[in-house]
Each structure stands twice: as C-alpha cells, then as structure tokens.
Amino acid sequence: MARKSGYKNRIELVQGTLDMLILQTLQWGPQHGYGIVQALHTHSGEILQVETGSLYPALHRLERQGWVRSQWRLTESNQRARFYQITAAGKKQLASDHDRWQQVVGAIAAIMQTKP
Amino acid sequence: MRLWRPRANDVDEEIATHISIATADRIARGTSPEEARPAALREFGNPLLVGETTRRMWAGEWLEHILQDIRYAWRQMRRSPAFTLTVIAILALGLGATLAMFTVVENVLLQVLPYRDAHHLVTIYEFGRRGDQPRVPWLDIQQWRSSSRSFESIGFYRAANGRSFLEGDSGAQQVSHQLVSTNLFHVLGISPALGSGVTSTPEGFANTGDEQTVILSDSVWRDYFGARQDVIGRTVKISGKPYTVVGVMPRGFALPLPATSLEIWTPVALQPEDDDRIGQTPFYSVIARLNTTATLSSAQAEIKTLQPQVAAQYTDQYRRDLVTSAGINDYAGSLVKPEVLHTLLALFAASALLWIIACVNVAALLLARGTVRQREIAVRGALGAGRLRIVQQLLLEGLMLSFGGSLLGLGVAFGLLSLFAHGLSMELNLHHATPGWRSIAVLLALTLFSALVSALWPALSSARTSIEPALRQGAPQSGVSRAQRCTRSLLVVTQISLALVLLVSCGLLLRTIYILRHVPLGFRTDNILVGSMAIPSYRFADQDLNTTLYAPLLQRIRAVPGVEAANLMTEVPLGHHFNMVFSFSAEGNSADAVRRRDIRAQFRAVNSDAQRVLGFTMLRGRYFNQDDTAGSQAVVVVNREFVKQYSQSHDPDKVMGQSLMGFAKDRRAIVVGILDDTRQISITEQPVPEIQVYFPQLTPTSGTYQAAGGVAMSLALRTSRNPSSIVPELRAIMTHASPELANTEFTTMTQIFEDS
C-alpha cells in the first residue's frame, strides 16, 4: 500500500476527521460523492479539497459499518447517481465524534493559549 | 463470485458518475465542453486505483484478486502446455517419491500403538556375553517385580509351543496363539470389547487356575464366529483341547506387534520348569508400564543395579554370564529394528533430496520463464500493479503448478506403493500402505513449500527488475540483470551437485544389489516349488508323523507327473517362516565346554531327497540315505561354518565321527557328512553353523522329534512343469492328508530368493 500516500488530503486531516466531516455533510441531506466533495470544499471556505482516493474508500467503509446507506437515484439534472444517507447509527456516531472533536479542540486550544 | 460482494461491484459506475457530474458542473459554470472532461478527469486522479482502494473496503476483495490471478495463471498455463506439463511432471516425481517414503515411515515409525499411554510402556531385556537376550525366565521377572520401584506393573507373554489350530464355525484354522500373564491386558491398558476377560488374581500376575480360557482377537471373532455376541462362554477347541471364550479384544488390538490378524490369547500356566533357570525353562517377553514418577533412564539405572542380584541366582556359570546386565527399551521404539530404521531414514533422505532437486529444477525453469515474461511483467508494473501484487501473481502461478504436481504426485505415490507392496509386506510387515491423513498433510505442506521454494525466488527477481529498461528494450530476452545471472548460475551449481549426490548413492545401491544377486547361495533356486505347511500335529498326537503323514504324503506327491524329486524339511533356506536354533546343552564349565556351548546352529530336520531338490554340495562324507532308519545308527550332517566354530580350525576330520547330540537316551548321533555353506537366513547375512538331522530317524519318543516335528514343514519339490499348473494337484493331495493343510502357501524358490 505504498501508493496510498499519494492520495492524502492537501491539508492533513486529524486522524478520523474525514469520517466525521462526511457524516456532518450528510446531516444536511442525502448526497452523492461529487456533492460531498463540493460541500466540504464550499463549507470549509474553499480550504479543504478532499481527494477522491480518500473519499470513496471512506464512504464505503462508513457504509459497511452501517453509519450510512446508499441508493441509486436521479439527480436534479436527471443523472443516475449513488446517494449516501446518514443512518440512525451514523447520527449517534457523529454525535460522539463531535464530542470527542470538541474535547480535542478545547484541549489543544487550552495548551496553545497558555502563556509561558 | 459476484454473489458475495454485490456492493463493491458498481464502484466503477459510481466513479464514472462522479466524473460525468463533475464535467456537467464545469460546463454549467462556463467551461467549454472540450476542456471540461479532461479537467474533471485530472481532478479525479487515477480512477483504477480509486476503484481498487474503494473495493478493498469490502471483504472478499482479496479473494477477487486471487480469483483473477488464478484465471490469469490458468490462461498462462494453457498457453504453454509443454512448459506446464514439464514442471508438473518434475514436481510430481519429487513429491510422489517423498510422499510414498513418508507413508512408509509413517506406518513403520510413527504408528500409534493400540494401547493406552503407550509411551509409558517398556520392554525389559537381559544381556551378557552373547549379546541381548530379549526373553527371560519367570523367576527373573518375579525378582524385578518384587524389587524394583520404577514399574507400575509388569506383564509377560510367549508364543504357545508349536502351531495352534482353532476350530471355529468353518473348520480348523491356524492361528497365532500367545500365552499371556493374566495382568498383561491390564498392563497394556486395554480391556476386552466383549466379555470380562481372564480373571485376574488380586496380585494380577499369573497362575489363575482358569488356564483353559481364551480371548479372541476381533478378526478371529468376525472370521470364525460370525461376530456373534453369544460367543462368550462358548467352548471352542484349540488344537483339539477345549477352552472357554471369555473375551473378544477391540478391533485393531494386537499383541505382539507388528500385528498378525488371527490371534488368540490364553493365560500362561506356570509349570514346575518355571521355577528354574536351566535348559528347559520357558522364556518370556516382558512388557512393563512405568510409574508416573519414573523415566526411561531412571528405570534403566534401577534395573541395571538390580540385575547383579538376579544374575547371582543363576547356579550355572555359563548361563549367569549371559544375563549379567539388563536394559530397558521404549516399547514402541523396540518394534523397529535399528537397521530398518537406518535404511528407512536413508531412503527418506534420498527422496527428500529428489524433491529438493525437483524444486531447484522448477525454480530454474520458472526463472528462465520469468526472463521471457519480463516485458509482460514490466507492462503490468507500468499499469500500476504493485510489486506485492506481481509477486502474489507469480507465487499463485507457482502454487497452481505445485498443486498440479501434487495431484499427479499422489498418483505417483500410490503407484510406487503398489509397485513395492510385495517388498513392503515382506520386509516391514506393512500391508496395504496408503497415505494417511498425516501423509496428506505432509503433501499439502510440501506442495506449499515447493511453490514457495520454486516460485518465490523467480517471483522476487522478476518483480525487482526495473520497469523502464525492460520496456525500452525491444527483445524480450535481453536485459538480464547481473543478480539474475548470478542466481541462475547458483541454481545450476546446486542442481548439478545434488544430482551428483543422488547419482552416486544410486550407483552404490545398485552395486550392493548386484553383489547380493551374485552371492553364492550354496543351493539351487531354479524350478523349485515350495509349500509352507502348518502341521496340525495334535491330530497325530499318539502316532509317528513320519509314517502316518509325511511318508504317505511324499509318496503321493512324487507320483504327480512332472515332479522329479520331493522333500519335506523344517524350513527351506531363506524361508523366514520358521526358525529353529540349536544350542548345545553339554554339561561342564571348562573353557572348551563353554566355547562349544556358545555355538548356535541353525537346526534343520529334513525328510529325504533334500540334496536332490536343493543341490547341497557335500565337502566330506555322505548325505542321508534310505539306509538311515529309526533303528540304525543315528547320524547328523553339519556345514563348513559349524566345523570352523566347533573345532576352531578348518579341519573337517576333527568333526567327522564326533557325537554332538543325542536323539534320545542312549542314542547318540554322530557326524557323517559335511556340507558346503549355504545362505540360510538372508542373502545379506553370512552363513551360520548348521546341523541337519534326518526325520525318519526320529521317533516320537525322542526329544528332538518333540521339538522339531509337527511344527512347520516346508515341502520343496523339483518340477519340470509350470509350478502354477501343479499347485492345484498338490493342494488336493494336502487336503486329503489333513484338512488343515488346505491353506498351505505355495511359492517358488526363485521368489523366496527375490524376497530375501
């Protein structure tokens, strides 16, 4: 798996945050892969550009874990696409990821704000 | 294979959708349609790789890869059938030979004894100036039993005298009859499958008072009593005497080992002679079970310190010298003779060498092919296949070839085993050896290992080759790296040296076989038919076998057309069915007397015509003739080796006319002839001293008659006819003489020689 390193995100994401971001995106409604990339890009103020090489494995991993489910549907422009939808288990997971995330952010912030 | 991962399957479609939506999006945002799609593709990255990593999220993806590789390997194999078949044939040879050898080793060395905790079982033997004495008198066993602390229990057994015939539902059959101590089955940890077995005293040793009871083996029960449950309590006759059946042993039980199928066991009845340690004392084999606290070496040490006390009980100085020490053998280990063990291991090593050569050969072939396929592999690498994937692919190809080889090898092994079935049953008492689960497991391991050994190196070396030069160069064969050249030279050197080793060992083996085939036997083997008879002497209990059985039988046989000469003797040379050793029993402890008592001679009772049939050569004196009768001077004939050992010189005149033994009281026999040496036991063994007596001179009252008569008799006849055509006539004559003789085995002297 030596090649995998070539498909990192441009901004190194904290381990496990990609899953949380995807789940968060899906909170706003079912979305297909391209839509998720776009949503993350837009909502991050055009900073995060998720590589497809990370996105699709993540989506499929989430689905295997039962946190999302997928379905082929037509887009607004009548294109057949696979839409991902967050499940109840996924929502629970998102909540716990979010809690953990806030703890981490709080902890890091506390350290960074401490004056020498 | 699409069934178990439906979800991972439409990843490609999903990727295509992604790209087309991205394209549409770009167009909608104002990019021109010509530029939109390439841009979307660029942004997406490598669709193949994304698809692959995504699919890997689903279990079963690796399976898909392997199936792909197998399909690919199959295509490769079909594309070059000559190469494939060569590799498979080479591997089959190596694997087959090794598997066949392992099967033999497994059956002989790794057999599981049909006893409980067999690793605690040991045999105890004595040894002294004449080497190992595996059988010991009861008094010694008794003394070990009372003094030693290493053993939980000690049991003993011996074969019943003579041949035993069991009268079952379908006539009388010869069976192997062992006399056992009543505790022996307990020592072995096996109780009868049916019935209670012999009653054992609280002491559980010997002498129970119910000696007339018998325990049957499973085969005897099935073959002669139709596996009937009501056989328990029934009275059966063994050699004419009634016994009550008290048990049937479980299937697979045998004693002694190696197993014969038709066995019966009766309790030992200790005789007055058992309370002595002189000439007539019966000797027993001992099986003991070690205490949980004792080890083989601690028991060994104990019995060694104990033995001087045992030896001190011997009144006869000569006999005392034979039992000065004692030892212990692991029971399972004692069943395999050291020379058999060494031969087996040597053959096993040779077959393993053959397997290694096969692997090296295949590795060389694969390496050569790897060079040819360098371009193809480089292209796969350029398309994004990781090295691991390429190695996996090549290993899988090796594995498939290896599996093909092992399938064929299994056939080779079966073929080899059936080819040598006769030899195996003769030499190792191994009947119908087929690869068991352990052998199959070994085959599987060998297969995997063959694949690894033969394919890993070529695979790694192929995968390591840099892609670029291989692609750039036009000719597929060029671009052999230095490392590869080195590898190949190394392979060739290994191969040649291994092949040389094998060749030299084969040459040595063939030379040995050649020498053995041309060893002077001292008798003829051509046109001789041999019938090995088990004499039902109990039928002739109060009669002289000479006049009631042997003489009429020989007369009828000689009348058969084509029979030139016929003779009955206790055993033909190299016969292996029956072996009688004669020890001198002269009194006295003088150095000369002791030396003479150290002579052990093959004992052969012959009927008449033995010289005409087997063509023994006389060196001095005469052979037996019609004038030697029960009333005339008793005579014996000895061989050259006997003269050598007896007189410590090669002077036959010192032995001629000597009186060596008495046939009965006041009937001393003198030496009247000296034979040239013959090979008696096997062609590999040097001639041993031999003494021959003439059966018509022995009367039922003589001790020699009682020991030698009516146990085994081999009919040897010289015929001008095809032996197979004469057998039915002989069988009819035998059956007419006594029904038990219907089962006489016939073979030719040439066959006996081949087997030896």
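As a basis for the values below, the full set of heavy atoms in this structure was taken, side chains included, without hydrogen atoms, waters or symmetry mates. Just so we're on the same page: letters track the sequence lines, and every chain starts at 1.
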Query raised in the report: Got a sec, which residues hit side-chain hydrogen bond (donor to acceptor under 3.5 Å, both in side chains) with B:Thr23, two or more places apart in sequence or on another chain?
Result: none
Taking everything shown except [X] itself, do over 12 heavy atoms lie less than 6.0 Å from its [atom1]?
X       : atom1 : answer
B:Trp74 : CH2   : no
B:Tyr72 : OH    : yes
B:Arg37 : CZ    : no

Query raised in the report: Is it true that A:Arg82 and B:Glu13 make a salt bridge, defined as a side-chain N closer than 4.0 Å to a carboxylate O?
Result: no
Query - For the student: nearest non-hydrogen atoms of A:Tyr34 and B:Ile21, plus distance - result: CD2-CG2, 3.4 Å
Query raised in the report: Would you find a donor on one side and an acceptor on the other, under 3.5 Å apart, between the side chain of B:Thr17 and the backbone of A:Ala81?
Result: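 Checking the backbone N and O of A:Ala81 against the side chain of B:Thr17, no donor-acceptor pair under 3.5 Å is found.
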**Report entry** Straight-line distance of A:His60 NE2 to B:Thr53 OG1, nearest 0.5 Å
**Finding:** 10.0 Å
